[in-house]
Amino acid sequence: MGKVGVLLLNLGGPEKPEDVRPFLYNLFSDPEIIRLRFSWMQSPLAWFIATTRAKKSQENYKQIGGGSPLRYITETQAQALQAHLQQKGTDAKIYIGMRYWHPFTEEAIDRIKRDGIEHLVILPLYPHFSISTSGSSFRLLEKIWQEDPSLNRIEHTVIPSWYKEPKYLQAMAQLIAEELDKSANPDKVHIFFSAHGVPLSYVTEGGDPYQKEIVDCTALIMETLNRPNPHTLAYQSRVGPVEWLQPYTEEAIPELAAQGVKDLLVVPISFVSEHIETLQEIDIEYREIAEESGIENFYRVPALNTHPVFIDSLATLVEDALKSPSVQLSEVMHPEKTVKMYPQERWEWGMTTAAEVWNGRLAMIGFLALLIELISGQGPLHFVGLL
Ligand SMILES: C=CC1=C(C)c2cc3[nH]c(cc4nc(cc5[nH]c(cc1n2)c(C)c5CCC(=O)O)C(CCC(=O)O)=C4C)c(C)c3C=C
Ligand SMILES: [Fe+2]
Ligand SMILES: [Fe+2]
């Protein structure tokens with residue numbers, strides 16, 4: 001086999017306070033995050049939301065040291081994966097392609113070309129597929145491929161989602177068991193899976209398999225854990241005025257407390273690295289909500305980061321992908337009717353319908369807010385939680 005490369009896809013995060021606004025601008029410019037019927041409105045709206053949200057977001061990042069640890073952690077994961085693959089006899093170079101911040105996906109592709117990579121495994125660091133995460137990165141890659149025919153020389157294969165990988169489940173179960181055993185009464189602890197949310201319309205109209213994959217994944221982790229603890233699944237990090245997947249984490253925690261739960265173990269499951277939503281949202285905001293509502297012991301399972309069993313699972317995914325028939329970007333993005341992949345047609349159609357909702361509500365709220373905010377210094381977006 002010729003030169004092998006592995007492209008790890010991730011979201012990216014601002015490294016310092018000045019990065020927050022341009023990072024948010026990149027995020028809200030993505031039509032997979034907000035799609036507007038009139039594409040000319042995308043940039044002004046992204047600019048508007050980024051500018052108005054930046055201060056609050058910067059304050060959150062300040063609470064965890066001013067920036068996101070995502071780049072550093074992803075780099076250590078890449079090094080660990082490269083070393084582990086080498087140990088197992090696979091020579092591969094690892095590249096990091098972030099969607100909204102450095103090192104950008106475009107830069108990774110430039111390096112892959114320069115290094116003369118012949119076989120490329122595309123591995124998103126999201127265990128579950130969502131239109132808004134892996135889907136967005138795949139769409140960007142597809143565009144890069146379309147614009148640069150020389151990339152067709154590279155044989156590529158995509159791993160669309162991988163939450164069923166046994167060693168990933170084992171690593172999660174191991175981390176949960178270690179945390180449970182720190183409690184005086186391990187069997188009494190309520191295990192609380194907190195997944196990152198998406199707008200409900202992504203699932204109901206867009207056909208996003210994300211919710212199903214998350215539900216499946218929690219069941220598989222509980223099965224692997226094999227303990228008698230009760231468990232709950234809820235969704236965190238809602239942004240904007242539309243309905244997201246329910247139950248919401250910030251509402252589910254007080255409900256459990258009202259039912260008499262005293263020991264709560266939060267398990268973040270959408271993401272494999274520590275980031276602002278584990279370090280700030282869970283460890284600070286949700287802990288406060290829990291303690292105020294009567295939870296006595298609040299624990300949190302650490303993110304996988306460079307857990308050796310997790311790195312081994314990533315290596316297995318890469319090795320299996322190199323041995324199996326390739327999965328093309330075009331297959332994932334435009335599956336044939338007979339292939340049971342992501343329902344692109346419903347997704348396109350659904351996102352258009354969802355877009356109308358976003359378009360109507362966000363654009364209207366956005367420009368109205370801008371006007372009111374300019375006049376009064378206090379806009380309505382503060383009340384719907386967008387700013
Ligand atoms: C699987 C994980 C994620 C999903 C699904 C997801 C969807 C999604 N996110 C936003 C809006 C924002 N996300 C932000 C940060 C952020 N998002 C994820 C993961 C998922 N997002 C991570 C890991 C991070 C943090 C990166 C870091 O800095 O460590 C932010 C910025 C932070 C903030 O201002 O709160 C926004 C905004 C939407 C709208 C969405 C689905 C449509
Ligand atoms: Fe997000
Ligand atoms: Fe988020």
Side-chain angles (χ1 to χ4, degrees), residues 9-17 19-35 45-46 49-74 98-102 124-137 161-163 193-203 205-206 208-211 213-214 217 235-245 268-285 303-305 347 350-351 354-355 357-358 362 381 385-387:
L9 300 172
N10 213 335
L11 186 120
E15 287 164 66
K16 46 190 189 306
D19 296 345
V20 171
R21 201 191 54 78
F23 161 77
L24 290 175
Y25 175 79
N26 293 342
L27 189 137
F28 288 112
S29 298
D30 181 358
E32 279 2 289
I33 292 284
I34 305 176
R35 183 173 298 177
L45 189 65
I49 302 176
T51 305
T52 38
R53 191 182 166 87
K55 195 159 162 269
K56 180 180 166 189
S57 189
Q58 267 169 349
E59 277 163 17
N60 291 342
Y61 279 106
K62 244 179 234 158
Q63 294 179 40
I64 64 162
S68 170
L70 203 53
R71 180 177 190 159
Y72 169 74
I73 295 171
T74 311
M98 300 291 196
R99 183 66 185 84
Y100 307 119
W101 205 245
H102 304 276
L125 284 178
Y126 308 98
H128 324 85
F129 179 93
S130 168
I131 294 169
S132 60
T133 56
S134 305
S136 166
S137 282
S161 83
W162 44 269
Y163 66 92
F193 291 95
S194 190
H196 197 294
V198 294
L200 178 66
S201 62
Y202 278 49
V203 175
E205 294 168 36
D208 197 335
Y210 179 74
Q211 183 181 25
E213 295 196 2
I214 290 283
C217 180
Y235 297 89
Q236 68 176 75
S237 319
R238 183 159 66 114
V239 185
V242 300
E243 185 181 354
W244 282 45
L245 293 180
I269 50 165
S270 308
F271 214 62
V272 297
S273 316
E274 296 295 351
H275 62 290
I276 189 160
E277 284 149 2
T278 53
L279 300 169
Q280 195 275 333
E281 201 167 8
I282 299 178
D283 290 354
I284 300 176
E285 286 181 35
L304 290 162
N305 293 346
W347 164 2
M351 287 307 292
V357 176
W358 277 106
L362 264 177
L381 288 194
L386 194 62
L387 303 185

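Counting starts at 1 for both ligands and their atoms, following the listed order.
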Dump the intermediate steps for side chain to side chain contact (heavy atoms under 4.5 Å, CB included) on Leu9 and Arg99, then the final yes or no.
CA-CA 7 Å; Leu9 300 172; Arg99 183 66 185 84; over 6 Å; no

Give the atoms of ligand 1, by number and element, whose distance to some non-hydrogen atom of Gly13 is under 4.0 Å.
28 (O)

CG on Asn60 to CD1 on Ile276, rounded to 0.5 Å
5.0 Å

Is there a donor-acceptor contact under 3.5 Å linking the side chains of Ser194 and Gln236?
yes

I want to know if ligand 1 touches Tyr61 in the polar sense, i.e. an N/O pair below 3.5 angstrom.
yes

His128, portion touching ligand 1 at heavy-atom distance under 4.0 Å
neither

For a quick check under 3.5 Å, do Ser29 and Tyr100 share a side-chain donor-acceptor pair by atom type?
no

Partners meeting side-chain hydrogen bond (donor to acceptor under 3.5 Å, both in side chains) with Arg71 (sequence neighbours left out)
Glu15, Glu75

I need the atoms of ligand 1 closer than 4.0 Å to a non-hydrogen atom of Phe271, numbered in the order shown.
23 (C)

Of the side chain and backbone of Asn60, name the one, both, or neither that has a heavy atom under 4.0 Å from an atom of ligand 1.
neither

Can you label the angle between the Tyr126 ring and the Phe271 ring as parallel, tilted or perpendicular, going by 30° and 60°?
tilted

Do any heavy atoms of Trp244 fall under 4.0 Å from ligand 1?
yes

With only distance considered, is Ser68 within less than 3.5 Å of ligand 1 through an N or O on each side?
yes

What do you reckon, does Leu24 put a non-hydrogen atom under 4.0 Å from ligand 1?
yes

Indicate yes or no: does an N/O atom of Thr133 lie under 3.5 Å from an N/O atom of ligand 1?
no

Using distance alone, determine whether Ser57 and ligand 1 share an N or O pair under 3.5 Å.
yes

Strictly by modelled atom types, are Asp30 and Ser136 linked by a side-chain donor-acceptor pair under 3.5 Å?
yes

With a 4.0 Å cut-off on heavy atoms, is Phe28 touching ligand 1?
yes

Per-residue contact class, Pro199 against ligand 1 - non-hydrogen pairs under 4.0 Å
side chain

Residue Ser132 vicinity, atoms of ligand 1 by number, heavy atom under 4.0 Å
5 (C), 7 (C), 41 (C), 42 (C)

Under 4.0 Å from a heavy atom of Ser270: give me the atoms of ligand 1 that qualify, with their elements.
1 (C), 2 (C)

Any donor-acceptor pair under 3.5 Å linking the side chain of Glu277 with the backbone of Ile282?
no

Applying side-chain hydrogen bond (donor to acceptor under 3.5 Å, both in side chains), can you list everything that pairs with Lys16, at least two apart in sequence or on another chain?
Asp19

Nearest heavy atoms of Cys217 and Tyr163, plus distance in Å
CB-CD1, 3.6 Å

Using heavy-atom distances, let me know which of His196, Glu277, Glu32 sits nearest atom 20 (C) of ligand 1.
His196

Atoms of ligand 1 close to Phe23 [distance to a heavy atom under 4.0 angstrom, numbered from 1]
31 (C)

Any donor and acceptor pair, going by atom type alone, linking the side chain of Tyr202 with main-chain N or O of Ile33 inside 3.5 Å?
yes

Enumerated ligand 1 atoms positioned under 4.0 Å from heavy atoms of Val198:
5 (C)

Under 4.0 angstrom from ligand 1, any heavy atom of Pro14?
yes

